[in-house]
Asker: 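I have a structure here, written as structure tokens, and I will follow up with some questions on it.
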Amino acid sequence: MNFDSVNINKEHKHLGQLKILFIKYRSVIRFMVVFLSVYLALSLTYKLYLDYSKNTEPYPDYITNLVANQSRYIFDALDYRADVINHPDEPSLKLILNGKFVARVVEGCNSVSVIILFISFVIAFSDKFRSTLFFIIAGSTLLYSVNLIRIVVLSIGLYYYPWRRDILHTVIFPLIIYGMVFLLWMLWINHFASNSKK
């Protein structure tokens, strides 16, 4: 009996099984590769942007500063006197509502990381270029807007109920933004699935 030929046959059998598994799950593998590639590329680009922003104005970076100041405009429209000032000890902005310091607006509050997650998923389930691009722009705009409203409502909640800080900041308000991402993903999957059937 030739053991080499037995081993070669086993290897061929294993390769055949791997090929069958690959063919069976190729759409899942494609999704994972595309999702991770886009996510890593966008995250790296965002990290480079943050590194560059450390030594530039506005403080702490352009997008976080923009979000804080747009929140201030919403407060003004709601008849709250809001001020946004640079935090002296850390790269963040202090949000002061009617003279009371209620929250810090840090880089994580600007919704970019959430939008990167959203975009990566949509591209991994990409459809025609035009519909994918439209959904990315519309969804990112919606997430950015919901995030502004989240900051405003969270700050008002902290203004009136500071003892509820933990549940407001760590449970309820992350649930709002991530819940919105999940709903957008479900909408995109249904759109993608219906187009696949056509």
Side-chain angles (χ1 to χ4, degrees), residues 27-28 30-54 56-78 82 84 91-93 95 103-157 168-196:
S27 59
V28 174
R30 180 197 169 278
F31 169 81
M32 293 302 295
V33 169
V34 173
F35 176 83
L36 290 172
S37 300
V38 173
Y39 183 79
L40 290 172
L42 291 176
S43 296
L44 179 61
T45 304
Y46 182 52
K47 185 187 180 321
L48 292 172
Y49 157 79
L50 290 175
D51 290 343
Y52 171 78
S53 298
K54 285 178 183 172
T56 62
E57 288 293 327
Y59 180 84
D61 66 87
Y62 178 79
I63 300 171
T64 304
N65 191 285
L66 181 66
V67 166
N69 281 293
Q70 287 174 334
S71 300
R72 184 170 54 85
Y73 299 142
I74 298 172
F75 283 119
D76 290 345
L78 296 172
V84 174
S92 66
L93 298 158
L95 185 57
R104 295 173 303 120
V105 180
V106 298
E107 172 271 321
C109 299
N110 66 18
S111 74
V112 173
S113 297
V114 175
I115 291 171
I116 286 172
L117 189 66
F118 164 72
I119 290 171
S120 302
F121 184 90
V122 172
I123 290 175
F125 264 115
S126 62
D127 193 25
K128 294 179 184 134
F129 177 77
R130 182 186 271 172
S131 59
T132 302
L133 183 63
F134 173 78
F135 195 77
I136 285 171
I137 292 169
S140 298
T141 303
L142 181 63
L143 287 170
Y144 185 88
S145 303
V146 166
N147 185 60
L148 285 176
I149 294 166
R150 177 182 77 113
I151 290 170
V152 170
V153 175
L154 172 63
S155 300
I156 292 171
L168 287 171
H169 191 265
T170 58
V171 178
I172 294 171
F173 289 94
L175 189 64
I176 291 171
I177 196 77
Y178 286 106
M180 180 60 67
V181 170
F182 180 75
L183 289 174
L184 286 170
W185 282 350
M186 291 301 101
L187 183 65
W188 181 246
I189 287 171
N190 288 330
H191 164 79
F192 184 81
S194 65
N195 280 0
S196 295

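Predicted model only: the values in this text are computed from it and were never measured.
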Asker: Would you give the length of the straight line joining atom CG of L40 to atom OG1 of T45, rounded to the nearest 0.5 angstrom?
Answerer: 10.5 Å

Asker: To the nearest 0.5 Å, tell me how far Q70 CD sits from S145 OG.
Answerer: 8.5 Å

Asker: If we only count heavy atoms from C-beta on, is the F135 to L184 side-chain gap below 4.5 Å?
Answerer: yes

Asker: Atom CG of L168 and atom CD1 of I156: how far apart are they, to the nearest 0.5 Å?
Answerer: 12.0 Å

Asker: Between A124 and V34, which heavy-atom pair has the shortest distance, and what is it?
Answerer: CA-CG1, 3.5 Å

Asker: Should we say atom OH of Y39 is surrounded by more than 12 heavy atoms from elsewhere, each under 6.0 Å from it?
Answerer: no

Asker: Tell me whether T56 contacts the main-chain N or O of S53 through its side chain, where contact means a donor paired with an acceptor under 3.5 Å.
Answerer: yes

Asker: Would a 4.5 Å heavy-atom cut-off, applied to side chains only, mark I137 and T141 as touching?
Answerer: yes

Asker: Please find the pair of heavy atoms, one from R150 and one from P174, that lie closest to each other, and give the distance.
Answerer: NH1-N, 4.2 Å

Asker: If you take all heavy atoms of Y178 and V114, which pair is closest and at what distance?
Answerer: OH-CG2, 3.9 Å

Asker: With a 6.0 Å cut-off (strictly less than), is the heavy-atom count around OH of Y49, excluding the residue itself, greater than 12?
Answerer: yes

Asker: Considering only heavy atoms from C-beta outward, does the side chain of V67 approach that of L148 to under 4.5 Å?
Answerer: yes

Asker: What verdict does the side chain to side chain contact (heavy atoms under 4.5 Å, CB included) test give for V84 and V105, after you've listed the backbone C-alpha separation in whole Å, the side-chain angles of each residue and the deciding distance to 0.1 Å?
Answerer: CA-CA 9 Å; V84 174; V105 180; over 6 Å; no

Asker: Identify the two heavy atoms, one from N65 and one from L93, that lie closest to each other, and give their separation to 0.1 Å.
Answerer: CA-CD1, 3.7 Å

Asker: Is the shortest heavy-atom distance from the side chain of F173 to the side chain of V153 under 4.5 Å?
Answerer: yes

Asker: Treating S131 as the side-chain partner and K128 as the backbone partner, does any N or O pair qualify as donor plus acceptor under 3.5 Å?
Answerer: yes

Asker: Between Y144 and L66, does a side chain to side chain contact (heavy atoms under 4.5 Å, CB included) hold up when you go through it step by step?
Answerer: CA-CA 11 Å; Y144 185 88; L66 181 66; 3.6 Å; yes

Asker: How long is the gap from OG on S37 to CE on M32, to the nearest 0.5 Å?
Answerer: 10.5 Å

Asker: Let me confirm one number: the CG-CG distance from N110 to L50, rounded to the nearest 0.5 Å.
Answerer: 7.5 Å

Asker: Which pair of non-hydrogen atoms, one from I151 and one from C109, has the smallest distance, and what is that distance?
Answerer: CD1-O, 3.5 Å

Asker: Mind checking whether E107 and S113 have side chains closer than 4.5 Å, heavy atoms only?
Answerer: yes

Asker: Is there a side-chain contact between F118 and S140, using heavy atoms and a 4.5 Å cut-off?
Answerer: yes

Asker: Determine the minimum heavy-atom distance between L143 and I177, stating which atoms define it.
Answerer: O-CD1, 3.6 Å

Asker: If you define the side chain from C-beta out and look only at heavy atoms, does anything of L117 sit under 4.5 Å from W185?
Answerer: yes

Asker: Side chains of L42 and S120: does their closest heavy-atom pair fall under 4.5 Å?
Answerer: yes

Asker: Between F125 and F121, is the ring centre distance below 6.0 Å?
Answerer: yes

Asker: Atom CG of L175 and atom OG1 of T170: how far apart are they, to the nearest 0.5 Å?
Answerer: 11.0 Å

Asker: Parallel, tilted or perpendicular for F31 and F35, by the 30°/60° rule?
Answerer: parallel

